[in-house]
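One structure is given below, encoded as structure tokens.
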Amino acid sequence: MDSQRRFSVQTRLFLLTALFTWILTFTFFALQYSREREYKTNLLDSRLQRVNERVLDHIAAGDSVTPALIDSLSSFSGDTVRLSLIDFNGNVIFDSGKSSSEIGNHKDRPEFKEAMAHGHGFTRRRLSATSNREYFYSATRGKTLVARSALPYNHSLATMLQADPVQCYAILAVALILTIMAWFATHSISRVVKKLRDFANEAEFGDISKYDSSSFPDDELGDISRHIVNLYKILQSTADERDRNLREAMYEQRDKERIKHQLTNNISHEIKTPVHVIQACLETVENNNLDDDTRKSLIDKAYQNVKRLTSLLADLSVITRISDAPDQIQLEPVDVTAVINRVADDMKVFPPSRQMRIHIDVPEGVSVNGNLSLIESIFRNLFTNAFNYSGGRDVRVAMTDETSDYYTFTFADNGIGVPPEHLNRIFERFYRVDTGRSRALGGTGLGLSIVKNAVLFHKGKISVENQYNGGLKFTFTLHK
Ligand code: ADP
């Protein structure tokens, strides 16, 4: 709206250029006109001067000035020259137009004064006091007299003294052509400006990532415009990326909060049960007269729940450490082979009914720069799970690949595996396939979550699958 009220860039540029062109043209025209007039005036003056000189020559030769002489000397396009002879005091001693006795003194006439001073002079247009007509006067000083010839300043003389009209038309035509050229020049400049304005509008309200800047002209203005478009595109894509990152950070933050909230609920739920059991057992033991066996079984139950609480708190502290303060976890060279052997050895404490045959296929001295207790928890949880849940006979740990940066391990049993619909959730916190069995066996639902987080902490990846011939197989990497 604003731009409609104001003059457009093209109009302003055009007006300015046209104004400049016309001022130049008129100045040139005025100069040319006055030079032309001056030239023509001088031409006429010199012709009249020649007449004067010839009259003065005749007088010097002793001839008298007769009308016939005047006619023979001076005929200018049909007009007869009026001739006056004036002595140096300004007295007209002869005039071809009137009797000299009727004519007053001429010493104040400008052409006379100039002739007296410089030898010759002229007056372009003056009303004659003698004849009351307008004349063009030219005066020449002789030895004793001033000869002055005058041509009536009529229409034909005025036209003759005027500048050539063809020249005026030519100058006007040139000015017109320049104005038209100015219009085209300003139009092409304003096209770029308009295109830039359209681009700015589009940039303000839309997506300009696909804006085509090739239509700008192939000159400096076009180059500048293309630069502006490209810079803006970079700016917009940076802003888009920043917005995207912000959005992602926001989603991540919300996700974190949701998970934290869920975790808090889960934790309080997981803690409540053993705490209630412990409370109930201890209250019963305290308030009733119980026989030794019942009392012992109640204390035993409370003790089991205290153990459950302890392992829950231990697992929670590991998870919190990994997710909230990973920078504070110390790194050191860890002999993974030794860790596997030690944990495998610890599995002997399991009752014989749940014992499995352990096969370790890991070369000696496989070592990573990592955290001992986290690497231990990876294998301890995997072994414990296999022993508790798989129901299989064998468990195999192998190092299957080594690159310059990573070791790849597999951990497999030949048990029942996990139903496929649970498979992609078993790494979630507190996720259990068989809740009752897991609790009964002292599982916290955090084991595999700890395994996954510990692997991630060591810049590795972990996946799980059911083997085609039965049993669960974990594959994971650890950064060296
Ligand atoms: P928990 O700490 O209670 O043992 P986990 O997170 O370690 O929980 O395991 C999640 C669930 O995955 C367990 O409840 C169990 O049902 C299942 N699971 C884990 N390992 C195995 C396995 N080797 N064979 C069969 N089921 C398994």
Side-chain angles (χ1 to χ4, degrees), residues 259 262-263 265-274 277 304-323 340 343-344 346-347 349-351 353-360 373-398 409-457 462-476:
I259 291 171
Q262 209 174 33
L263 190 66
N265 281 348
N266 284 337
I267 293 170
S268 64
H269 177 78
E270 291 294 329
I271 291 176
K272 253 184 223 159
T273 321
V277 174
Q304 290 308 323
N305 278 281
V306 167
K307 273 197 342 200
R308 201 173 139 195
L309 263 181
T310 312
S311 62
L312 183 70
L313 292 176
D315 281 357
L316 272 174
S317 110
V318 175
I319 285 206
T320 318
R321 214 153 50 100
I322 302 177
S323 54
I340 296 171
V343 176
D346 289 349
M347 291 300 114
V349 297
F350 271 80
S353 57
R354 278 195 269 140
Q355 280 292 341
M356 295 176 82
R357 291 186 298 225
I358 297 176
H359 309 275
I360 299 173
S373 91
L374 287 182
I375 289 177
E376 218 177 80
S377 19
I378 294 174
F379 290 101
R380 194 172 296 283
N381 275 298
L382 291 175
F383 270 118
T384 312
N385 281 354
F387 276 58
N388 277 338
Y389 309 120
S390 78
R393 248 341 256 124
D394 300 281
V395 56
R396 287 175 197 282
V397 193
F409 297 91
T410 56
F411 192 102
D413 63 59
N414 54 359
I416 52 168
V418 166
E421 66 271 22
H422 294 282
L423 209 52
N424 60 350
R425 295 197 63 188
I426 58 172
F427 291 111
E428 287 176 20
R429 288 165 188 181
F430 297 112
Y431 194 81
R432 296 169 172 106
V433 177
D434 179 347
T435 315
R437 185 171 160 74
S438 165
R439 287 225 170 84
L441 292 169
T444 58
L446 292 171
L448 286 180
S449 173
I450 290 176
V451 171
K452 184 179 175 178
N453 280 292
V455 168
L456 291 180
F457 174 81
I462 184 165
S463 63
V464 61
E465 62 187 310
N466 279 314
Q467 300 185 98
Y468 74 98
N469 54 353
L472 210 55
K473 180 176 161 189
F474 294 89
T475 307
F476 59 93

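Positions are given from 1 along the sequence. What you see below is based on every heavy atom in this structure, not just the backbone, and it leaves out hydrogens, waters and symmetry mates. When a ligand or atom number is given, it counts from 1 through the structure's own listing order.
Each of the atoms 5 (P), 6 (O), 7 (O), 9 (O), 19 (C) of ligand 1 lies under 4.0 Å from some heavy atom of Leu448. The atoms of ligand 1 that sit less than 4.0 Å from any heavy atom of Gly445 are 1 (P), 2 (O), 3 (O), 6 (O), 8 (O). Within ligand 1, the atoms closer than 4.0 Å to a non-hydrogen atom of Ala386 are 23 (N), numbered from 1 in the order shown. Counting the atoms of ligand 1 from 1 in the order shown, those under 4.0 Å from a heavy atom of Tyr431 are 10 (C), 11 (C). When each atom of ligand 1 is checked for a heavy atom of Val433 under 4.0 Å away, the hits are 11 (C), 12 (O), 14 (O), 16 (O), 17 (C).
Geometrically, ligand 1 and Tyr389 share a nitrogen or oxygen pair separated by less than 3.5 Å. Between Gly447 and ligand 1, at least one N/O pair is under 3.5 Å apart.
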Worked verdict on Ile378 versus Phe476 for side-chain contact (heavy atoms from CB on, under 4.5 Å): CA-CA 10 Å; Ile378 294 174; Phe476 59 93; 4.1 Å; yes
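Using a 4.0 angstrom heavy-atom cutoff, Gly391 does not count as in contact with ligand 1. Using a 4.0 Å heavy-atom cutoff, Leu446 is listed among the residues neighbouring ligand 1.
Between the side chain of Asn414 and the backbone N or O of Gly392 there is no donor-acceptor pair closer than 3.5 Å.
In this structure, Phe409 and Phe379 have perpendicular ring planes: the angle between them is above 60°, well past the 30° mark. Classified by interplanar angle (parallel below 30°, tilted 30° to 60°, perpendicular above 60°), the ring pair Tyr431/His422 is tilted.
Side chains of Arg354 and Asn388: a donor on one and an acceptor on the other come within 3.5 Å.
Residues that satisfy the side-chain contact (heavy atoms from CB on, under 4.5 Å) test with Ile416, not counting sequence neighbours, are absent from this structure.
Distance check, rounded to the nearest 0.5 Å: CZ of Phe411 to CG of Leu382 gives 5.0 Å.
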